[in-house]
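Position 1 is the first residue of the sequence, and the numbers go up from there. Here the structure is a predicted model, which is why all the values come from computation and not from measurement.
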Amino acid sequence: MYQLRTLGQLDLSDSAGQPVRAILVQPKRFALLAYLAVASPRGFQRRDLLLALFWPELADSRGRNALRQAVHQLRHVLGGDVIASRGSVAIGIDEARLSCDAAAFETNIDRGDFAAADALYKGDLLPGFGLIGSPQFETWLDETRARLRARAGRAAWALAEQQERSGAATAAVESARRAVTLTGDEGVVRQLIRLLDRLGDVPGAIKSFDDFATHLRRDLDAEPSLETRALIEAIRGRD
């Protein structure tokens, strides 16, 4: 089975773990393969949509020829059964022949396996990657990066809650801090502060607030909300 890694890295390897350079060095073919593997909802993707994403500058007949050539080259390198067709209308990935970390990440979240999902999320989707002259693909990539990052943040917090319930306090705090890093959301910061307070780590709760406040002042010229300030003052008062 081929392995496509898109989270925090760009890599395609065969069953022996060897990189498939013939595709890795071709940005548009790699992007097409990644889109077919990652796009939501997963499954077959219409050819006319793929033309708009990858060959917007070409007339319909030339674009369809470019798509056929790209699919032909992918099948030539990966084997004819990795890219499946639904007549002349749509194409898709055979997930029994190629696995993708981003697809597995979302599947694990949907199943409630937040630990497995968290382990798979190693960074943004296709970091540093782009296609000049394909604005719709760039828009899809930006939106999908943001969506997966948000899901990773929610999964990290859900994992922290599971770990706290099971008594794994240290792991819960690590997962909660990861959720803060991924989301940057002030509500998640308050959840981290409350978690540390429940665990009896008042200095840690105060430091988390101070770090967040410093970030807001330095980078955004802003202050924590009244709700967050009231929470930390209540904790300081008890301490």
Side-chain angles (χ1 to χ4, degrees), residues 1-15 18-107 109-110 120-152:
M1 175 183 286
Y2 289 95
Q3 303 284 333
L4 176 62
R5 298 176 183 86
T6 63
L7 297 175
Q9 57 188 318
L10 291 79
D11 183 60
L12 175 65
S13 58
D14 61 21
S15 57
Q18 297 301 309
V20 185
R21 300 191 186 281
I23 294 175
L24 290 171
V25 299
Q26 294 290 332
K28 188 161 289 190
R29 292 171 194 166
F30 179 79
L32 174 61
L33 183 69
Y35 180 84
L36 293 173
V38 176
S40 179
R42 291 206 300 278
F44 286 90
Q45 306 297 325
R46 291 181 58 87
R47 289 177 184 262
D48 53 0
L49 170 62
L50 298 175
L51 296 181
L53 283 170
F54 294 102
W55 293 277
E57 77 285 3
L58 297 182
D60 185 72
S61 60
R62 292 183 62 198
R64 290 185 180 279
N65 183 61
L67 175 58
R68 282 195 297 270
Q69 289 297 318
V71 172
H72 173 76
Q73 289 300 320
L74 288 174
R75 285 173 169 159
H76 176 71
V77 175
L78 302 176
D81 50 3
V82 171
I83 308 295
S85 297
R86 180 176 286 171
S88 62
V89 176
I91 58 176
I93 293 290
D94 183 347
E95 295 185 354
R97 303 292 182 179
L98 182 144
S99 69
C100 174
D101 55 354
F105 163 77
E106 295 212 81
T107 296
I109 289 180
D110 293 340
L120 283 168
Y121 192 84
K122 301 188 182 299
D124 284 339
L125 177 69
L126 299 178
F129 187 83
L131 281 181
I132 297 174
S134 301
Q136 289 193 40
F137 173 78
E138 293 283 349
T139 298
W140 171 82
L141 183 54
D142 288 342
E143 291 175 349
T144 306
R145 279 175 181 153
R147 182 178 66 80
L148 295 184
R149 187 178 180 88
R151 294 203 80 184

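The structure places CD1 of I93 at 8.0 Å from CG of L78, a figure rounded to the nearest 0.5 Å. Between the CG atom in L98 and the CG atom in L12 there is a gap of 6.5 Å [rounded to 0.5 Å]. Remark: E106 CD to R42 CZ distance equals 6.5 Å, nearest 0.5 Å. To the nearest 0.5 angstrom, Y2 atom OH is 12.0 Å from Q18 atom CD. Here the CZ-CD distance, from R62 to E57, works out to 8.0 Å after rounding to the nearest 0.5 Å. Here D124 contributes atom CG and D142 contributes atom CG; the two are 10.0 Å apart, rounded to the nearest 0.5 Å.
In this structure, K122 contributes its side chain and Q9 its backbone to no donor-acceptor pair below 3.5 Å. For the pair R75 (side chain) and I83 (backbone), a donor-acceptor distance under 3.5 Å is present. Remark: side-chain polar atoms of Q3 are not paired, donor with acceptor, to backbone N or O of S99 under 3.5 angstrom.
Taking a 6.0 Å sphere around CZ of R97, one finds it holds 12 or fewer heavy atoms contributed by other residues, nucleotides or ligands. Within a 6.0 Å radius of CZ in R147, more than 12 heavy atoms belonging to other residues, nucleotides or ligands are found.
A pairwise comparison of heavy atoms in D11 and F30 identifies N-CZ, 4.3 Å as the closest pair. Among all heavy-atom pairs drawn from T6 and P127, the shortest one is O-CD, 3.9 Å. Contact record, E95 with M1: O-CE, 3.7 Å, taken as the closest heavy-atom pair. Nearest heavy atom pair, residue L24 against residue L10, reads CD2-O, 4.4 Å. Residue F137 comes nearest to A31 through the heavy atom pair CZ-CB, 3.8 Å, listed as atom of the first residue, atom of the second, then distance. Closest approach of R47 to S88, counting heavy atoms only: CD-O, 3.1 Å.
Using a 4.5 Å heavy-atom cutoff, the side chains of D48 and R64 are in contact. Between L67 and F54, every side-chain heavy-atom pair lies at or beyond the 4.5 Å cut-off.
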Q: Run the numbers on N65 and L58 for side-chain contact (heavy atoms from CB on, under 4.5 Å), then give the verdict.
A: CA-CA 10 Å; N65 183 61; L58 297 182; over 6 Å; no
Q: Might you work through the side-chain contact (heavy atoms from CB on, under 4.5 Å) test for L32 and L36, ending with a clear yes or no?
A: CA-CA 6 Å; L32 174 61; L36 293 173; 4.3 Å; yes
Q. Are L131 and L141 close enough, and set up right, to give a side-chain contact (heavy atoms from CB on, under 4.5 Å), and what steps lead you there?
A. CA-CA 10 Å; L131 281 181; L141 183 54; over 6 Å; no
Q: Please assess E138 against I132 for the test side-chain contact (heavy atoms from CB on, under 4.5 Å), listing each intermediate value before the final yes or no.
A: CA-CA 8 Å; E138 293 283 349; I132 297 174; over 6 Å; no
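Comment: R151 engages D110 in a salt bridge, judged by a side-chain N to carboxylate O separation of less than 4.0 angstrom.
The aromatic rings of F105 and Y121 are tilted relative to each other, their planes meeting at an angle between 30° and 60°.
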